[in-house]
Student: 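Here it is, the structure, as structure tokens.
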Amino acid sequence: MTVLGWVVGGIASIAIEKTFARTLSPELLQQPRWNALGSYISSCVFALIYGIDQALVVRQYTSGWLWAIATSLGWLVSTNVSTAWIDYISAIASSLNRTLTFQDAVIFGILSTFAYILSGIWLGFFQWLVLRRYTSGAWWWNFLPSAAFLLISLMIGVLSFVQDFLPALNRDRVVYLSGQGFTAIILGIIPAIGFCTLKTKHRIQIDEDD
């Protein structure tokens with residue numbers, strides 16, 4: 001369901017942005033605030049679909065509507081925090097007023113990647129606020145999305161290395177679709193493994209109480 005939510009949410013957000021662009025006049029589209037509004041609305045729709053799809057699965061273990069809200073809010077916060085930090089790092093790189101060396105590019109790239117990975121803590125925190133009502137010892141869930149983001153970053157890095165071996169005609173499309181596919185799969189597998197662990201721990205706790 002996470003993969004489905006990623007695909008459906010992505011399609012819906014793209015459709016909203018295109019509709020927004022067709023509806024507004026060119027004069028309004030040139031204003032940054034209107035572009036930002038369109039992006040924000042599409043991000044909210046994506047986060048809501050993503051959260052609801054996950055809730056359809058986990059509602060047998062937790063409150064479905066609480067999980068949907070927590071996941072949607074957590075995704076929005078983590079995305080905005082990640083974007084803010086990456087923009088800040090990019091601004092620092094631009095403020096150097098010189099062409100970046102290879103070493104500089106690597107350093108700023110690593111910092112941006114860490115900003116993306118650490119932003120997952122916000123998603124984990126919001127979801128943990130729901131999980132702690134139904135299970136104990138789930139503090140590590142705060143860092144579970146960051147583990148998923150780390151794997152996604154590694155996979156994107158591998159794709160960037162192998163893209164030169166792909167045919168130039170379809171290279172961009174293959175890399176984009178592969179990146180989206182691997183991202184959706186990782187975001188589905190990692191929480192699933194985490195839930196299996198929580199379920200096992202919950203059963204052990206019940207057996208100990210008995």
Side-chain angles (χ1 to χ4, degrees), residues 1-10 12-13 16-17 36-59 61-92 108-157 179-180 182-198 201:
M1 290 301 292
T2 298
V3 176
L4 180 62
W6 183 268
V7 174
V8 175
S13 63
I16 289 174
E17 287 186 358
L37 178 61
S39 298
Y40 180 74
I41 293 175
S42 65
S43 297
C44 289
V45 171
F46 174 86
L48 185 61
I49 294 175
Y50 181 75
I52 290 175
D53 271 21
Q54 279 200 356
L56 292 175
V57 177
V58 304
R59 63 194 175 102
Y61 308 111
T62 66
S63 170
W65 69 271
L66 282 178
W67 186 264
I69 293 175
T71 302
S72 299
L73 289 177
W75 183 266
L76 286 174
V77 172
S78 65
T79 300
N80 284 308
V81 169
S82 173
T83 300
W85 273 108
I86 292 174
D87 289 344
Y88 178 70
I89 293 170
S90 298
I92 294 176
F108 285 115
I110 291 175
L111 290 176
S112 297
T113 301
F114 270 112
Y116 168 71
I117 294 171
L118 293 178
S119 67
I121 293 176
W122 286 101
L123 175 58
F125 172 71
F126 276 87
Q127 291 178 333
W128 172 78
L129 291 177
V130 178
L131 286 176
R132 69 192 181 107
R133 302 178 58 185
Y134 300 92
T135 187
S136 60
W139 58 268
W140 50 267
W141 190 278
N142 288 280
F143 308 98
L144 193 67
S146 289
F149 288 3
L150 173 60
L151 290 178
I152 292 170
S153 299
L154 293 175
M155 186 58 62
I156 298 300
Q180 292 295 312
F182 283 122
T183 298
I185 292 172
I186 292 172
L187 289 176
I189 290 177
I190 298 301
I193 295 174
F195 259 104
C196 289
T197 305
L198 286 174
K201 287 184 177 181

Student: Looking only at heavy atoms, what is the nearest atom pair of Ser119 and Ser78, with distance?
Tutor: O-CB, 3.0 Å
Student: Between Pro145 and Gln127, which heavy-atom pair has the shortest distance, and what is it?
Tutor: CG-OE1, 4.3 Å
Student: As a quick check of understanding, evaluate side-chain contact (heavy atoms from CB on, under 4.5 Å) for Tyr134 and Ser63, giving each step before the final call.
Tutor: CA-CA 9 Å; Tyr134 300 92; Ser63 170; 3.2 Å; yes
Student: So do Leu73 and Trp122 actually touch side chain to side chain, heavy atoms under 4.5 Å?
Tutor: no
Student: Under a 3.5 Å distance rule, please check whether Asn142 uses its side chain to pair with a backbone N or O of Trp139 as donor and acceptor.
Tutor: yes
Student: Could you give the distance from CZ (Phe46) to CH2 (Trp75), rounded to the nearest 0.5 Å?
Tutor: 5.0 Å
Student: Is it the case that atom CZ in Phe114 sees more than 12 heavy atoms from other parts of the structure closer than 6.0 Å?
Tutor: no
Student: For a quick test of reading the model, state the closest non-hydrogen atom pair linking Tyr116 to Ser82 and the distance between them.
Tutor: CA-OG, 3.6 Å
Student: Please lay out, stage by stage, how Phe195 and Val57 fare under the test side-chain contact (heavy atoms from CB on, under 4.5 Å).
Tutor: CA-CA 11 Å; Phe195 259 104; Val57 177; over 6 Å; no
Student: Determine, stepwise, if the pair Phe108 / Ile92 fulfils side-chain contact (heavy atoms from CB on, under 4.5 Å).
Tutor: CA-CA 9 Å; Phe108 285 115; Ile92 294 176; 4.0 Å; yes
Student: Give every donor-acceptor pair under 3.5 Å between a side-chain atom in residues 146-157 and any protein atom, sequence neighbours left out.
Tutor:
| unit_1 | atom_1 | unit_2 | atom_2 | d |
| --- | --- | --- | --- | --- |
| Ser146 | OG | Ile117 | O | 2.8 |
| Ser146 | OG | Ile121 | N | 3.3 |
| Ser153 | OG | Phe149 | O | 2.9 |

Student: Given 3.5 Å as the limit, does a donor-acceptor pair link the side chain of Arg133 with the main chain of Val130, or not?
Tutor: no
Student: Under 6.0 Å between ring centres: does that hold for Trp128 and Phe143?
Tutor: no
Student: Check the pair Thr197 / Trp140 against side-chain contact (heavy atoms from CB on, under 4.5 Å), numbers first and verdict last.
Tutor: CA-CA 11 Å; Thr197 305; Trp140 50 267; 4.1 Å; yes
Student: Any chance you could measure Asp53, atom CG, to Leu48, atom CG, to the nearest 0.5 Å?
Tutor: 10.0 Å
Student: What heavy-atom pair brings Trp85 and Ala115 nearest, and what distance separates the two atoms?
Tutor: CB-CB, 3.7 Å
Student: What's the spacing between Ile185 CD1 and Ile190 CD1 if we round to 0.5 Å?
Tutor: 11.5 Å
Student: Using 0.5 Å steps for rounding, measure from the CH2 atom of Trp141 to the CG atom of Leu123.
Tutor: 9.0 Å
Student: Might you point out which heavy atoms bring Leu76 and Ser43 nearest each other, and give the distance in Å?
Tutor: CD2-O, 3.6 Å
Student: Please give me the minimum heavy-atom distance between Gly74 and Phe126, naming the atom from each residue.
Tutor: CA-CD1, 3.7 Å
